[in-house]
Amino acid sequence: MALRLYNTLTNQKELFEPIEPGKVGIYVCGPTVYKDSHIGHAVGPVIFDALKKYLVYKGYHVKLVVNITDVDDKIILESQRLGLSMRELAEQVSKGYFEALDKLGVDSIDVFPRATEHIGHIIELIQRLGENGAAYEVNGDVYFDISRCPNYGCLSNRKSEDQAEGTRQLAGGGKRNAGDFALWKAAKESEVGWDSPWGRGRPGWHIECSAMSMHYLGESFDIHGGGMDLVFPHHENEVAQSVTATGKPFAKYWLHNGLTRVRTKAAGGEWKNEKMSKSLGNIKPIRELLEEYPPQAIRFFLLSTHYRRPIDFSDDAIQSVLKGMTNIYRLLERLERLSGEDVYHSKGSVTTMEELARTETDKAFRNEIHSAHLHYLENLDDDFNTAGAIAVLYELCNSINRYIDQQRLETHPNKDQLTLALEGARTVAMLGQILGLLREPIGKTTGGDALAGQLMGLFIEMRAEARQNKNFALADAIRHKLKTLHIVLEDRPDGSTDWHKE
RNA sequence: GGCGGCAUGGCCAAGUGGUUCAAGGCGACGGAUUGCAAAUCCGUUAUCCGAGGGUUCGAAUCCCUCUGCCGCCUCCA
């Protein structure tokens with residue numbers, strides 16, 4: 001099976017072939033850290049973290065780099081407003097960003113380079129551009145001359161001359177072309193700055209990504225990712241300056257994820273969906289979101305839509321995904337309960353299944369697991385269709401539940417069949433884990449609260465007694481009252497009772 | 001004005017020419033199971049894929065027109 005990815009550069013799905021066989025370098029544009037991160041900032045990292053995990057599963061050695069842009073006009077302005085230094089603000093915002101990623105299970109990023117740690121590399125790169133005649137200085141500012149890059153516009157498919165109308169003409173500046181962009185900006189007295197051949201200043205917006213990606217991944221690397229809003233001008237400019245500086249291709253595959261949208265009320269009173277954006281002021285800090293929902297559910301939610309499509313964020317949408325995800329966990333719990341074995345940390349064994357499946361029914365079941373496994377990977381190979389893959393997971397869960405019910409394994413346990421079902425559940429967990437899902441049980445009980453467990457044991461015992469005495473009024477009263485505390489009881493065929501929080 | 005994307009059942013969401021093409025999830029309804037529930041299973045819930053044309057033996061899937069929404073062209077994941 002071969003992975004195909006949609007490349008923004010060519011506007012089509014292409015067979016993925018790394019520049020160097022077996023090794024993959026991925027660079028993803030991270031946030032400019034001047035305000036709290038919102039869920040949109042987590043989309044890219046979650047998707048590319050999942051993609052890396054999949055590539056690793058396929059046997060590649062992958063290096064994933066996500067940058068932090070920590071020097072920029074907006075950070076300077078915001079820090080002045082807050083009475084902080086630029087560095088202090090950047091650190092503070094970055095910290096929140098990292099905490100969010102950590103909760104979302106984004107743990108495969110190898111480096112988080114910061115622009116301010118690579119000023120030397122940035123200056124070198126600008127100098128190379130100057131040597132190539134593509135950079136020019138005007139009063140301490142240095143601009144990139146897009147007329148020196150014949151392919152300018154190749155990524156975003158636009159021609160600079162078509163852009164004139166409707167575009168704000170930037171005042172002054174002495175730029176040769178309207179589309180020229182700053183590589184280096186002269187610093188004002190009060191602003192942070194670094195010494196450079198052009199005087200004290202700071203990097204322009206795009207140059208840091210070229211400098212850092214090349215530094216960590218080489219002048220040509222495999223995958224460059226980011227939000228769709230970055231295609232122009234950010235990524236277009238990255239391509240232009242990188243190719244012009246090195247004379248080599250820059251990123252081979254450009255992957256762009258859809259933007260997160262949110263329903264907002266327009267001035268006229270009608271609702272509309274628009275992108276979640278710091279500048280539009282319609283953001284919900286990711287910190288708050290992660291307090292409202294299990295982080296695992298947010299990750300599941302983000303991967304339940306194809307990465308190139310926009311995601312409309314709403315409580316209803318997360319709730320329904322949370323419900324669905326919980327049902328998968330229920331199946332995994334069911335098998336741990338029935339088999340007494342761990343399903344999360346043990347890979348499914350094909351040979352075990354081959355040996356155990358003897359009857360036609362068992363063989364058919366085994367085949368369902370195998371084909372689901374294949375189907376799942378096929379989906380991921382097709383432009384990383386995580387939504388399609390997750391659908392396969394649900395189907396597999398249904399197969400396993402059906403098998404357990406039809407073979408009456410709850411009441412008539414058969415060791416081999418139980419093992420077969422267990423291997424199915426392990427397959428579910430293993431497949432989910434390829435995307436960083438289903439890594440460990442989620443709060444079935446109240447977690448480590450021993451007292452709660454003991455109290456629940458008492459309630460269940462009292463209720464069992466009542467039921468034995470046919471005192472159903474009391475038994476039901478106990479259950480109903482627990483329900484008001486969002487505790488649900490489930491009676492098992494063997495007379496035992498489980499409980500979980502809703 | 002230019003460039004690009006999207007429009008699938010009550011909601012979310014796969015599918016981009018042809019027995020698995022109308023997946024999957026949530027919700028709803030009916031049934032099995034249960035003392036009753038919960039969970040689980042079974043069944044029903046889009047003759048149709050924004051509208052209208054066209055190409056084709058055949059289209060949600062290709063082409064054209066139209067409508068609506070969104071993104072970018074200025075900072076933005």
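The basis for the numbers below is simple: all heavy atoms, side chains too, and nothing from hydrogens, waters or symmetry mates. By convention in this document, chain letters (A, B, ...) are assigned in the order of the sequence lines, proteins followed by strands, and residues within each chain are numbered from 1. Please read all numbers here as calculations on a predicted model, not as lab measurements.
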Classify the angle between the aromatic ring planes of A/Trp254 and A/His235 as parallel (below 30°), tilted (30 to 60°) or perpendicular (above 60°).
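Judged by the thresholds at 30° and 60°, the geometry between A/Trp254 and A/His235 is tilted.
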Gap between atoms [atom1] and [atom2], on [X] and [N] respectively (whole Å):
| X | N | atom1 | atom2 | result |
| --- | --- | --- | --- | --- |
| A/Asn237 | B/C73 | CG | C1' | 12 Å |
| A/Ile478 | B/A37 | CD1 | P | 18 Å |
| A/Asp491 | B/A37 | CG | P | 12 Å |
| A/Leu396 | B/A23 | CG | P | 19 Å |
| A/Trp254 | B/G4 | CH2 | P | 19 Å |
| A/Asp476 | B/A38 | CG | P | 12 Å |
| A/Gln407 | B/C42 | CD | P | 13 Å |
| A/Glu236 | B/G4 | CD | C1' | 13 Å |

Is the ring of A/Tyr394 stacked on the base of B/G25, with centres less than 5.5 Å apart and planes under 30° off?
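Stack criterion not met.
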Using a 4.0 Å heavy-atom cut-off to protein, can you give one letter per nucleotide of nucleotides 8-16 of chain B, 5' to 3': B if the base is in contact, S if only the sugar-phosphate is, - if neither?
-----SSS-
Whether the [X] and [Y] side chains hold a donor-acceptor pair (N or O, under 3.5 Å, no angle test) is what I'd like checked.
| X | Y | result |
| --- | --- | --- |
| A/Tyr394 | A/Asn327 | no |
| A/Ser399 | A/Glu395 | no |
| A/Tyr329 | A/Gln296 | yes |

State yes or no: are the ring centers of A/Phe221 and A/Tyr216 separated by less than 6.0 Å?
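Centroid separation for A/Phe221 and A/Tyr216: 6.0 Å or greater.
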Residue met sooner reading RNA chain B from 5', once A/Ile390 and A/Arg463 are mapped to nucleotides:
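Closer to the 5' end of RNA chain B: A/Ile390.
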Answer with yes or no whether A/Arg330 presents, from its side chain, a donor or acceptor under 3.5 Å of a partner atom in the base of B/A39.
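No.
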Between the base of B/G71 and the side chain of A/Arg261, is there a donor-acceptor distance below 3.5 Å?
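No pair found.
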Over all strands shown, is A/Val488 touching base, sugar-phosphate only, or nothing at heavy-atom distances under 4.0 angstrom?
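Here A/Val488 touches the backbone only, sparing every base.
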Can A/Phe313 and A/Phe301 be said to form a ring pair (Phe, Tyr, Trp, His ring centres under 6.0 Å), step by step?
CA-CA 10 Å; A/Phe313 223 82; A/Phe301 174 73; 5.1 Å; yes
Test item: A/Leu183 and A/Pro203 side chains (from C-beta on) under 4.5 Å apart, heavy atoms:
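No, their side chains stay 4.5 Å or more apart.
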Any side-chain N or O of A/Asn327 under 4.0 Å from OP1/OP2 of B/G25?
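A/Asn327 to B/G25 OP1/OP2: no side-chain N or O under 4.0 Å.
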